[in-house]
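Here the structure is laid out as structure tokens; the discussion comes afterwards.
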Amino acid sequence: MNLLTVPAVILYASILAGLGIGSYLMYRAGNEREDWIILGTGVLLGLIAAVLGFTGTLGLKAEKMMGYLPAIPIPFAVTFLYLTRKHYGGKISRYVEIISIGLAINSLLYIPHLFWHFSRHKIGHLPSWGLNPSFWYVFYHGLSAVGFIYIAYGFYLFWTSIAE
Amino acid sequence: MDTNLKRKDIYYLVAGLLAVALLASASYVLKLPQLTETLLDGFSTVAGLTAAYFVYRGTTESLGGEIGKATAMLGFGIVYYTITLIPHVIGHLSGFRFLPVYFFQHTLAAWSFVMVTYGSYRFWRGGKE
């Protein structure tokens, strides 16, 4: 068995699990057709990109550049959440604020983090200010984890805000 | 700036940031290997799954409607991104390079944030009425 089969299978499984769990959340919440169209558009774009990758139209460089794509939508999400908090009071607003802080941490980090990884592979340049890679691994990935944990805390408050 | 955050919310955030500062300093001294980042990503994955669990309970047990639907879309984005994070990185590090899959994954990782953005937009639109 090819040794690379294992990471490949794990990646396939995680993609399916992500799509499955996420869709189930939307299904239980009763999301409407327009929401499923948004999701379907993403999957369709993914499939188109996969075909372009298969035919060789898009190469390694394009793959690397695609890593930057998530940075585009996040600032809009934070802006909308910031505007949203004025519409709701109390607990809902508190939960929205926590989620937006978590997302803001991740969005602010995203570009420098990726730049740093690429510069380690001699593609971009980012100063390390005399700190070794061990510091930066923990700095970027640790802050990102704190952002996501804070988001999870926000969703926990979302649940408790109505459980009373 | 007016805020609805409680004092303890701010304490949690500051504690988290301090923990990162301490861990990063410790890592600087101990020269921890790159494996550390994958371990830290594990926290993100667990956080993403926890978030999904509370979105599920929140939307099914009481708060449906516009807020529930918007939250489910935020949940989709967060859980997709965090759950594929480690396999994605492991794939890159291991040299597994079947490009079509990577194009699919990169597109959907980006799209998961579009889902978050759209959910946020729904949230805002739902509250306006």
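A, B, ... follow the sequence lines: proteins, then strands. Residue 1 opens every chain.
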- Of the backbone (N, CA, C, O) and the side chain (C-beta and beyond), which part of B:T36 lies under 4.5 Å from a heavy atom of chain A, both, or neither? side chain

- For the residue pair A:V138 and B:Y28, establish whether any side-chain heavy-atom pair is separated by less than 4.5 Å. no

- Task: Could you have a look at A:L19, A:L45, A:I105, A:D35 and say which one has the most heavy-atom pairs with chain B under 4.5 angstrom?
- Result: A:D35

- Query: For B:T45, is it the side chain, the backbone, both, or neither that has a heavy atom closer than 4.5 Å to a heavy atom of chain A?
  - Reply: neither

- Message: Can you tell me which of B:V46, B:L30, B:V116, B:L40 forms the most heavy-atom pairs within a distance under 4.5 Å of chain A?
- Response: B:L40

- Can you say whether B:L22 sits under 4.5 Å from chain A via the side chain, the backbone, both, or neither, judging by heavy atoms? neither

- Message: Which one wins on heavy-atom pair count under 4.5 Å against chain B: A:T41, A:T79, A:I99?
- Response: A:T41

- Item | Part of B:Y81 within contact of chain A (heavy atom distance under 4.5 Å) | side chain

- Item | Whether A:Y24 and B:Y56 hold their rings parallel, tilted or perpendicular, with breakpoints at 30° and 60° | parallel

- Query: For B:D41, which residues count as a side-chain hydrogen bond (donor to acceptor under 3.5 Å, both in side chains) partner, sequence neighbours excluded?
  - Reply: A:H141

- Kindly indicate whether the side chain of A:I101, heavy atoms from C-beta on, has any atom under 4.5 Å from the side chain of B:L5. yes

- Given that the side chain runs from C-beta out, which part of B:L13 has a heavy atom under 4.5 Å from chain A: side chain, backbone, both or neither? both

- Query: What residue in A:I10, A:L83, A:I15 has the most heavy-atom pairs under 4.5 Å with chain B?
  - Reply: A:I15

- Looking at A:I98, A:L25, A:L69, which makes the most heavy-atom pairs under 4.5 Å with chain B? A:L25

- Task: Answer yes or no: is there an ion pair linking B:E61 with A:R28, defined by an N-O contact shorter than 4.0 Å?
- Result: no

- Task: Consider only side-chain N and O atoms of B:D9 and A:Y153, and report whether a donor and an acceptor are under 3.5 Å apart.
- Result: yes

- Message: Below 30° counts as parallel, above 60° as perpendicular, anything between as tilted: where do the rings of B:F123 and A:Y95 land?
- Response: tilted

- Counting only heavy atoms closer than 4.5 Å, note whether B:L85 contacts chain A via side chain, backbone, both or neither. neither

- Query: Looking at B:T82, B:V29, B:L49, B:I86, which makes the most heavy-atom pairs under 4.5 Å with chain A?
  - Reply: B:T82

- Task: Would you indicate whether the side-chain heavy atoms of A:Y156 and B:T50 approach each other to under 4.5 Å?
- Result: no

- Message: With no hydrogens and no angle check, just 3.5 Å: does a side-chain donor-acceptor pair link A:Y12 and B:Q105?
- Response: no

- Compare every heavy atom of A:F155 with every heavy atom of B:G75, then report the nearest pair and how far apart it is. N-CZ, 4.2 Å

